[in-house]
There are 2 protein chains.
Amino acid sequence: MSLDKRKVKILKAIIASYIDNAEAVGSRTISKKYELGVSPATIRNEMSDLEEMGFLVQPHASAGRIPTDKAYRYYVDDLWKKVQDPSNTNLDQLRNIIEDKSNELDSVFKNSVRILSQFTKYTSFIVAPQLKQSVIKRIQLVPITDTKLLLLIILQNNIVKQVTFRMSSPIPFDQMDKISAALSEKLYGYKLEDIDSIKDSLIEQLYHVREHSNDSLMELLPYLMDQISKLEEINVYSDGITNILDLPEYNDVVKAREFISFVEDKSSLAKLLQFVGENDLAISIGHENQYEALRDCSLITATYKFNGKLIGKIGVIGPTRMDYSKVISTVKSMSEAMNEIINQNFDDENKE
Amino acid sequence: MSLDKRKVKILKAIIASYIDNAEAVGSRTISKKYELGVSPATIRNEMSDLEEMGFLVQPHASAGRIPTDKAYRYYVDDLWKKVQDPSNTNLDQLRNIIEDKSNELDSVFKNSVRILSQFTKYTSFIVAPQLKQSVIKRIQLVPITDTKLLLLIILQNNIVKQVTFRMSSPIPFDQMDKISAALSEKLYGYKLEDIDSIKDSLIEQLYHVREHSNDSLMELLPYLMDQISKLEEINVYSDGITNILDLPEYNDVVKAREFISFVEDKSSLAKLLQFVGENDLAISIGHENQYEALRDCSLITATYKFNGKLIGKIGVIGPTRMDYSKVISTVKSMSEAMNEIINQNFDDENKE
DNA sequence: ATTAGCACTCGACAGTGACGAGTGCTAACA
DNA sequence: TGTTAGCACTCGTCACTGTCGAGTGCTAAT
């Protein structure tokens with residue numbers, strides 16, 4: 001038995017209808033709503049074949065049929081061939097919305113993840129870049145009060161991280177620049193992830209230049225190093241989690257609760273995203289997901305890059321019965337918009 | 001008919017039982033679970049009186065009774081007299097948890113609101129201080145690249161705000177301090193909320209010192225002023241919103257959805273908190289709330305201060321059937337812990 | 001190969017009666 | 001006079017039942 005043209009037509013019609021309604025679809029519905037030119041009886045025979053082939057299941061004997069994960073997979077693969085390059089008409093629009101005037105990366109992510117969930121009506125999330133691979137370019141100390149200091153860590157990619165801290169005794173303002181320079185010199189070129197392992201030797205080296213500084217700063221060095229090495233934590237943004245409450249398949253509070261608990265846990269989201277490969281766009285349907293809590297969900301993910309290197313991922317989680325074509329094109333457009341904005345606002349110094 | 005001692009005892013027993021179970025409580029239950037030394041029949045008579053007095057209602061004829069808002073109000077007022085000063089045994093503990101090593105106010109709020117919802121199991125939130133009343137102490141420009149600058153606004157209370165921006169042409173590094181000084185001098189002493197109204201005259205004044213600077217910075221001045229005046233936006237932190245999914249009264253997804261939609265909207269939360277007065281601790285029960293969506297909820301709020309001046313509020317929203325004594329003492333302890341941390345880490349310069 | 005017809009299946013839904021938790025009333029009692 | 005046992009009454013819950021209808025599979029006719 002093979003998937004002839006008519007079977008494909010019927011299968012697509014069933015999937016389309018089920019995506020719309022979340023209700024098991026019967027032969028009559030198909031023959032009425034979609035003009036296939038055949039009677040319900042014929043459709044019934046075809047549906048029976050499709051069930052045998054594993055594309056459909058019946059929830060119970062007298063009900064219509066619903067698509068299986070296999071059906072969605074077929075549907076998506078087919079979609080894929082056609083909309084390989086969906087007309088990203090809204091790309092400019094998207095970029096304008098998520099472009100944050102304040103130039104803060106943080107806001108870009110917050111905006112993006114919000115837009116993503118508003119457009120798709122599903123749960124969406126963004127894994128922010130891990131900074132551990134980033135290289136330190138410069139350190140700048142800024143006095144706030146005579147005992148309170150702001151330490152700015154300027155990375156090669158021009159992202160700025162900061163640590164605030166207090167000293168037990170005041171540092172004269174006029175030594176700030178000297179100390180900043182000393183710190184910059186010693187830390188220049190190191191990756192954030194390296195700091196932790198070499199901090200002891202760094203502290204010792206810095207200790208030898210303490211004529212510039214004073215003892216209270218020296219006391220704080222271990223603490224500062226700790227803070228710096230902590231900056232590499234994985235950061236996951238999410239939004240639209242409670243959208244699933246609007247879906248009929250989550251009418252049951254217990255089921256909704258289970259889903260929400262899963263996606264509210266940033267570390268499980270981060271792990272989830274680690275599994276999906278490094279493809280520009282990946283789709284994982286139902287049982288293809290590793291996690292039990294997402295057995296009835298599909299996951300559409302994309303990557304975003306900085307100078308051609310993958311630095312983070314974005315994704316949308318919805319029911320397997322999701323509007324794939326809309327979600328796929330939204331995710332794709334969003335990843336492209338983020339690429340543009342990030343690469344435009346956080347250039348490496350490629351002049352050097 | 002008056003609230004004699006026995007009626008009070010029975011009322012409290014009923015409230016306690018209902019807080020525990022969320023199930024209408026009958027005379028038998030009371031006489032069994034709480035040792036009052038009287039028979040169910042007697043309790044029935046008393047309950048009938050309590051109903052007439054408006055403290056109890058029957059959901060339907062053959063059910064037990066449940067407390068009204070009036071009952072909770074009585075209960076809370078009574079509680080109030082006794083636990084005016086609950087032993088804040090966990091204050092130190094709390095302070096340790098929410099004290100953020102990084103000295104970031106943002107993290108303090110994030111930690112606090114998380115702890116608040118974890119302790120109470122209800123939705124909790126914090127209205128962050130509005131900075132519009134804060135006075136500018138100093139401006140510091142920090143170069144990131146030759147065209148990208150970080151503008152640090154250091155406020156009198158030692159909170160630091162930042163704006164990142166790009167210039168169309170490079171500024172020499174060695175002019176940074178001069179420009180910073182000029183900006184500091186002109187903006188010193190202004191409140192953030194004033195900037196917007198006087199920015200035109202400020203720009204003009206700064207224009208006259210442009211010998212220190214260059215034209216591209218001048219072009220950006222209006223933009224900078226806009227950014228600065230935008231810093232005053234109200235910021236609301238919230239956490240534990242989805243905890244209500246665990247409550248039996250929100251077993252209905254539609255009802256849960258309604259509640260969640262309300263509290264996810266930060267602006268409605270902010271408005272809600274504006275209504276409650278400036279008391280150190282305020283309790284608003286059921287119909288006492290302004291908003292329809294909170295008609296079945298109680299709201300416990302407290303304030304936190306900086307140098308004795310109210311700067312923000314914290315709160316917990318739960319069902320009217322909440323464990324008031326626990327929530328009240330948690331909210332109270334939390335507000336005290338926040339007071340301590342904020343006043344300790346963000347001192348005004350009281351030496352001047 | 002397609003389709004009309006028909007018997008069959010099974011979930012949804014409304015109606016029914018037993019059950020039980022809880023009440024209010026009354027009469028007896030301390 | 002306050003308390004309590006007893007009892008009739010109310011009403012929601014639950015299990016059960018029968019009807020309805022959507023949908024199927026099979027068969028025979030086209």
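Letters go in sequence order (proteins before strands), and every chain restarts at 1. These numbers come from the heavy atoms of this one structure, side chains and all, not from hydrogens, waters or symmetry mates.
For B/T301 (side chain) and B/G315 (main-chain N/O), no donor-acceptor pair under 3.5 Å exists by modelled atom type. A donor-acceptor pair is defined here as one N or O able to donate and one able to accept, closer than 3.5 Å; no such pair exists between the side chain of A/K313 and the backbone of A/A302.
First and last contacts of DNA chain D with chain A, using any nucleotide atom under 4.0 Å from a protein heavy atom and ordered 5' to 3', fall at D/dA22 to D/dG25.
The nearest whole Å value for the distance from the CZ atom in B/R44 to the P atom in C/dA21 is 14 Å. Spacing between atom CG of A/N251 and atom P of C/dA12 amounts to 13 Å, rounded to whole angstrom units.
The residues A/E292 and A/R295 are annotated as salt-bridged, a charged nitrogen and a carboxylate oxygen being separated by less than 4.0 angstrom.
Here B/C297 contributes atom SG and B/I244 contributes atom CD1; the two are 8.0 Å apart, rounded to the nearest 0.5 Å.
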Discussion item. Assess the residue pair B/Y250 and B/F259 against the criterion (ring-ring contact (aromatic ring centres under 6.0 Å, His included)); give the C-alpha distance rounded to whole Å, side-chain angles, the decisive distance to 0.1 Å, and a yes or no.
Written reply: CA-CA 9 Å; B/Y250 287 91; B/F259 176 88; 5.5 Å; yes
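When the nearest nucleotides of DNA chain D are assigned to A/M47 and B/S39 by heavy-atom distance, the more 5′-ward of the two goes with B/S39.
Shown here is A/K266, whose NZ atom has more than 12 heavy atoms of other residues, nucleotides or ligands within 6.0 Å.
A heavy atom closer than 4.0 Å to some atom of DNA chain D occurs in B/H60, B/A61, B/S62, these being the qualifying members of residues 56-70 of chain B.
Inspection of the B/N289 and B/S284 side chains reveals an N or O donor paired with an N or O acceptor under 3.5 Å.
Using a 4.0 Å heavy-atom distance criterion, B/T42 is classed as a base contact.
Residues satisfying the side chain to side chain donor-acceptor pair (under 3.5 Å) test with A/T330, not counting sequence neighbours, are none.
Note on A/R6: a side-chain N or O is less than 4.0 Å away from OP1 or OP2 of C/dT2.
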